[in-house]
Protein chains: 2
Amino acid sequence: MSVLVVGSIALDTVKTPVEEHTDQLGGSASYAAAGASFFAPVNLVGVVGEDFPESEFEFWKARKIDASGVQRVPGKTFRWSGEYAWDLNTRETRSVALNVFEKFAPELPENFRETKFVLLANIAPSLQAHVIDQMQRPSFVVADTMDLWFESTRPDLHALLPRVDLLILNDSEARQMTKETSLIRAGRAIRRMGPKYVAVKKGEHGALLFGPDDFFSCGAYPLEDIHDPTGAGDTFAGGVAGYLAGRAGGEVDFAQLRKALIYGSVLASFNVEAFSLDRLRSLTSDEIDDRYEMFKLMSQFEVLE
Amino acid sequence: MSVLVVGSIALDTVKTPVEEHTDQLGGSASYAAAGASFFAPVNLVGVVGEDFPESEFEFWKARKIDASGVQRVPGKTFRWSGEYAWDLNTRETRSVALNVFEKFAPELPENFRETKFVLLANIAPSLQAHVIDQMQRPSFVVADTMDLWFESTRPDLHALLPRVDLLILNDSEARQMTKETSLIRAGRAIRRMGPKYVAVKKGEHGALLFGPDDFFSCGAYPLEDIHDPTGAGDTFAGGVAGYLAGRAGGEVDFAQLRKALIYGSVLASFNVEAFSLDRLRSLTSDEIDDRYEMFKLMSQFEVLE
């Protein structure tokens with residue numbers, strides 16, 4: 001089953017204490033689509049400018065990502081630049097130039113509108129709602145969000161939440177959104193705002209999943225060397241949605257969601273091993289499956305005897 | 001198999017944003033012994049003053065904790081007072097009066113020296129070493145430590161580490177001790193300092209376990225209401241050591257250590273539900289086993305189908 005991915009496509013300039021790379025492929029939809037593509041065919045929707053490298057369209061084609069929903073329009077591609085602190089845990093945005101993204105209103109090609117699985121990568125909630133408006137009865141909607149939308153567009157976000165099956169956000173955002181200090185209370189409170197399921201990402205500490213009757217907690221894959229954390233959350237969301245649409249065959253229950261979270265974590269753990277999407281470009285399904293097995297070995301405590 | 005527990009015994013005054021309780025049973029050995037006692041007979045070593053309530057000796061007796069190693073000496077019992085911030089994540093020590101604990105040099109009763117399992121609850125590393133000196137070939141030594149000992153008594157701590165089978169410390173301490181930002185690197189670096197196994201406690205995010213060839217990660221039990229975090233780490237250490245000595249029958253391999261970490265987390269999760277050791281006073285084995293099963297349900301992602 002295919003998954004529709006809508007979000008930002010950018011050219012990022014990222015500086016860590018060790019390296020700096022300029023105008024590399026970035027944006028929430030780029031990471032999410034690549035992550036999802038390991039499990040399911042992807043229909044990608046976004047916008048780029050005249051300066052966007054044609055080679056990235058070839059990358060998408062090679063990964064079975066249908067980029068016919070990516071419009072190339074006059075002007076420059078969205079650019080973001082950020083710098084990470086010494087521990088790679090905090091980052092500062094150095095500059096943002098929305099460029100062609102400023103007027104982006106996602107228009108779905110006709111043949112994309114029947115896609116059953118939707119991943120609304122991180123963009124303004126009003127744009128995310130605009131995507132759902134164009135869909136014909138999607139069976140499962142995943143939305144990624146961030147703190148940027150909590151204040152300025154809070155009404156939009158609250159209108160969106162009941163239309164979402166799985167909302168993904170990070171721990172500090174979950175606390176901020178609910179004013180709860182306990183992540184358990186925060187996750188449950190967000191569920192009451194509409195989404196059937198809520199996934200809370202905790203970076204190096206893994207993720208939590210809240211459902212109507214169930215709760216799931218998983219660690220993060222242990223990495224000694226992180227090169228570029230950019231896009232980890234987007235790749236996670238892509239892996240989750242891709243797994244559900246593809247490998248799980250579109251069947252979404254709590255057991256499948258648990259596995260989807262692990263696959264999302266596996267994808268994100270690979271992504272941070274190199275700058276931009278470079279690690280995803282060379283990643284293989286065997287590597288993913290091996291790491292999934294490692295994940296099992298490091299987190300199960302009963303089955304192994 | 002019994003477990004020897006040595007550490008501090010105190011009367012704590014604890015203030016949270018909601019409640020304040022005065023002169024309640026506290027100290028690393030009190031929590032650790034109570035935690036361990038759910039799985040194994042405990043031999044307790046510590047010191048109290050003339051003002052220490054006789055009723056606590058009765059509590060120990062009821063829990064099969066042999067307190068013949070607890071000396072009652074002239075003077076006042078060790079007192080600690082702390083106040084928690086609004087989110088219960090940070091605390092400030094309001095006052096410390098070492099009293100009879102100031103001159104504490106643990107002396108093991110003759111019949112305690114052959115105990116095979118040892119839990120050195122959090123006290124000065126020199127005192128922890130002094131306990132090992134008196135033991136006859138203990139088969140497994142667990143030591144809990146904290147940042148307090150990193151600067152003032154660092155040589156003592158480094159001398160102790162090769163004599164320890166399992167070192168337990170928390171995440172910020174692991175980072176501080178190794179100057180590593182990655183907990184994975186930190187855990188591995190501490191193993192190279194001597195202990196065969198290292199457990200890193202991460203509070204609400206669970207715990208990590210590092211062994212010669214293996215790694216294990218578990219979440220924390222999800223609690224909505226925490227009343228008093230005091231002693232959570234000590235209770236965790238007690239549960240780990242007690243499980244290994246008792247339920248695991250003294251067999252220590254990585255599979256048993258995984259389970260021990262879960263039981264330690266379960267014990268700690270109960271402990272924080274009430275002030276002082278109050279929740280442990282009413283806790284039953286059935287409650288522990290039920291929560292262990294819940295832990296399995298919330299963290300396994302493959303066995304449940």
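Just so it is clear: chains get the letters A, B, ... in the order the sequence lines come, proteins before strands, and each one is counted from 1.
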Please identify, among A/D225, A/D171, A/D214, the residue contributing the most non-hydrogen atom pairs under 4.5 Å to chain B.
A/D225
How close do B/F215 and A/P222 get, heavy atom to heavy atom, and via which atoms?
CE2-CG, 3.4 Å
To the nearest 0.5 Å, atom SG of A/C218 lies from atom CE of B/M298 at 10.0 Å
Approximate separation, where rounding is to 0.5 Å, of B/I226 CD1 and A/S182 OG:
7.0 Å
With a 4.5 Å limit on heavy-atom distance, are the side chains of B/E302 and A/Y292 in contact?
yes
Checking A/S299 against chain B: side chain, backbone, both or neither under 4.5 Å from a heavy atom?
both
Residue part contacting chain A, namely of B/L223, when any heavy atom lies under 4.5 Å
backbone
Could you grab the distance from atom CG of A/L297 to atom CZ of B/R258, nearest 0.5 Å is fine?
6.5 Å
I need the minimum non-hydrogen distance between B/K296 and A/F301, along with the two atoms involved.
CA-CZ, 3.8 Å
Is it the case that atom CE in A/M193 sees more than 12 heavy atoms from other parts of the structure closer than 6.0 Å?
yes
Where does the angle between the aromatic ring planes of B/H205 and A/H205 fall among parallel (under 30°), tilted (30 to 60°) and perpendicular (over 60°)?
parallel
Counting only heavy atoms from other residues, nucleotides and ligands, does the tally under 6.0 Å from NZ of B/K116 exceed 12?
yes
Of the backbone (N, CA, C, O) and the side chain (C-beta and beyond), which part of B/S217 lies under 4.5 Å from a heavy atom of chain A, both, or neither?
both
Just wondering, are more than 12 heavy atoms of other shown residues or ligands nearer than 6.0 Å to CD in B/E92?
no
